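Contents: one structure, followed by commentary.
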Amino acid sequence: MDIRLVADGPWRFRIEQTGTMRVPGVVLAPRDLLPDEPGDQALSQVARVATLPGIVRASYAMPDIHWGYGFPIGGVAATDVAGGGVISPGGVGFDISCGVRLLTAHVDRAALLRKLPVLMDRLDGLIPRGLGRGGLWHLAGRAQLHEILRGGARYAVEQGHGVPHDVERCEDGGAVGDADVTQVGERALERGAGQVGSLGSANHFLEVQAVDAVYDETCARAFGLRPGLVCVMIHCGSRGLGHQICADHVRAMDAVMQRYGIDVPDPQLACVPVDSPEGRAYLGAMAAAANYARANRQLLADAARRVFLQLAGSGLDLLYDVSHNLAKLETHPHDGARALLCVHRKGATRALPPGHADLPDALRRFGQPVFVPGTMGTASYVMTGSTGNRAFDSCCHGAGRVWSRHRAHRETSARQLRQELAGVGVSVRPASWRSVIEEAPEAYKDVDAVVRASQHNDLGRLVARLVPLGVLKG
DNA sequence: ATGTGC
């Protein structure tokens, strides 16, 4: 698809509405963050998403945009439910409700440093990760898996894997309400049964970090962050269960799209009206996967908490848990009124502004915490939702890949990577060194530039910078 | 992202 990319000031670009596009594209990134590998399809994907039935305002791209399945990663698209708007699994991604949670310890970096090696050893032995492998929670049976799919982190806490405060600090109170277990296929259930409480692979991780800088002291204090404080950041999703659900429902939609008169420029944009049996079926299965991902992060956090209590004499308090791969039915201004929109966020973090009713009481004045993990060996950021967000309250979600996984293997080696990480003094414990080659810091954009661009585009405000002390990689 | 795929 040919696109007409026009600079709109120093911080963003516009893709002119041409051909079958129903809205323009808006790429909220400066020139040096635009995907520029030869043949890269990310910007064309922004334009193709703009052709989806019912899409409103614009097809958005966050500053960490890169090429994905159908939708770009870092893509945000909202469709008008009453106006025949569609739901597309490609706008959520294979890793349904992949997200990040951040926990704060009661110990400072200097006090922990001596104990860090033994603490990392313990986490290394405890946390399941890598492809396949088991999970921390050995379920009693299929009925208990169904409870997880319906109750998410809330059910995990009810079962003793956490404290009530954890649930208060999860998006949606730890579980989305409309999960439909009957829309989750047998293969998905089979794959999910043994993986609750496991990191997965690729860019998923559990990191021990320290607060390195604070940019907004009042907000940081409300978030429980101060310079030198130790934190734990967990990034993972719904494992094989979410993957299987995505594959199953893309296939189902592909078979019925024509019946709804829907024609898309890319088969990976398979979609159906939100208000259709197939649309509701996907949303019900997606919600079940979302709850699975939240329970997964809850189990991992609770395990890390027990290690911290035992070895560092410190608890871990959940600051917030938020997804960056999800579609949600939300009310937003549209055509001079409030309308129910299906907001697809794929590699984009929901970022509620200060005062929003869905925020926990203790955070409401400050906006929703947004977590922006960098790469192993580089900084991560805490941001907060800001008023004036035009991209349906969405923000960036990470550094954003620039090298293909294939190119990463060409450009670097395990040995080179080990040396480099040893040089910055970060203890990285991967499931396998081969898999982490694809996660080399050079394979990603500069996360500092990504958060700067996010702030300039009113997607969020900077709160604090975190640096890694120890990294468990998938 | 993924019991990694034409």
Side-chain angles (χ1 to χ4, degrees), chain A residues 41-42 45 62 64-75 88-100 128-135 139 145 184-206 234-251 267-270 282 285-286 288-290 292-294 296-297 300 323-327 344-349 373 375-376 397-410 430-440 443-444 472-474:
Chain A
Q41 291 291 305
Q45 289 186 320
M62 303 292 106
D64 47 336
I65 176 179
H66 56 112
W67 190 355
Y69 175 90
F71 281 57
I73 296 161
S88 175
V92 172
F94 274 89
D95 193 3
I96 296 168
S97 205
C98 181
V100 180
R129 55 201 195 279
L131 271 179
R133 313 284 172 89
L139 303 183
L145 178 59
V184 180
E186 179 54 31
R187 277 180 84 190
L189 293 170
E190 253 171 49
R191 292 179 70 173
Q195 297 186 319
V196 190
S198 68
L199 269 181
S201 62
N203 62 356
H204 290 157
F205 64 80
L206 184 153
I234 297 171
H235 174 210
C236 66
S238 51
R239 306 294 330 276
L241 178 129
H243 189 271
Q244 192 65 48
I245 286 173
C246 180
D248 291 347
H249 285 262
V250 164
R251 200 180 328 103
Q268 295 185 353
L269 289 175
Y282 172 70
M286 180 202 74
Y292 183 95
R294 287 126 194 252
N296 192 23
R297 289 193 286 275
L300 293 165
S323 163
H324 51 229
N325 277 11
L326 205 62
H344 301 70
R345 296 187 183 89
K346 181 195 197 173
T349 312
T375 65
M376 53 185 176
H397 88 304
R401 184 168 277 284
V402 282
W403 288 352
S404 66
R405 295 181 189 280
H406 186 74
R407 181 169 171 196
H409 285 283
R410 249 187 3 248
S432 89
W433 275 101
R434 187 178 158 71
S435 66
V436 290
I437 289 172
E438 298 169 2
E439 302 306 313
Y444 283 83
L472 290 194
K473 284 294 290 181

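Throughout, protein chains are lettered first and strands after them, A, B, ... in sequence-line order, and every chain is numbered starting at 1. Everything numeric here is computed off the predicted structure, so don't read it as measured data.
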Name all residues meeting the side-chain contact (heavy atoms from CB on, under 4.5 Å) criterion together with A:I73; count only those two or more places apart in sequence or in a different chain, and write none if there are none.
A:H66, A:K346, A:H397
By side-chain contact (heavy atoms from CB on, under 4.5 Å) - contacts of A:T375 (at least two apart):
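With sequence neighbours excluded, A:T375 shows a side-chain contact (heavy atoms from CB on, under 4.5 Å) to A:T378, A:A399, A:P441, A:Y444, given in chain and number order.
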Nucleotide [N], atom [atom2] - distance to [atom1] of [X] in whole Å:
X: A:R239; N: B:dT2; atom1: CZ; atom2: C1'; answer: 8 Å
X: A:L199; N: B:dT2; atom1: CG; atom2: P; answer: 10 Å
X: A:N296; N: B:dT2; atom1: CG; atom2: P; answer: 10 Å
X: A:E439; N: B:dT2; atom1: CD; atom2: C1'; answer: 14 Å
X: A:I73; N: B:dT2; atom1: CD1; atom2: P; answer: 12 Å
X: A:D248; N: B:dT2; atom1: CG; atom2: P; answer: 16 Å
X: A:H204; N: B:dT2; atom1: NE2; atom2: P; answer: 5 Å
X: A:Y69; N: B:dG5; atom1: OH; atom2: C1'; answer: 14 Å

Are more than 12 heavy atoms from other residues, nucleotides or ligands located less than 6.0 Å from atom CZ of A:R434?
no
Does A:S97 reach the side chain of A:N325, with side-chain heavy atoms less than 4.5 Å apart?
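Not in contact.
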Base, sugar-phosphate or nothing for [X]? Non-hydrogen atoms, less than 4.0 Å.
X: A:R187; result: base
X: A:G240; result: sugar-phosphate
X: A:E438; result: nothing

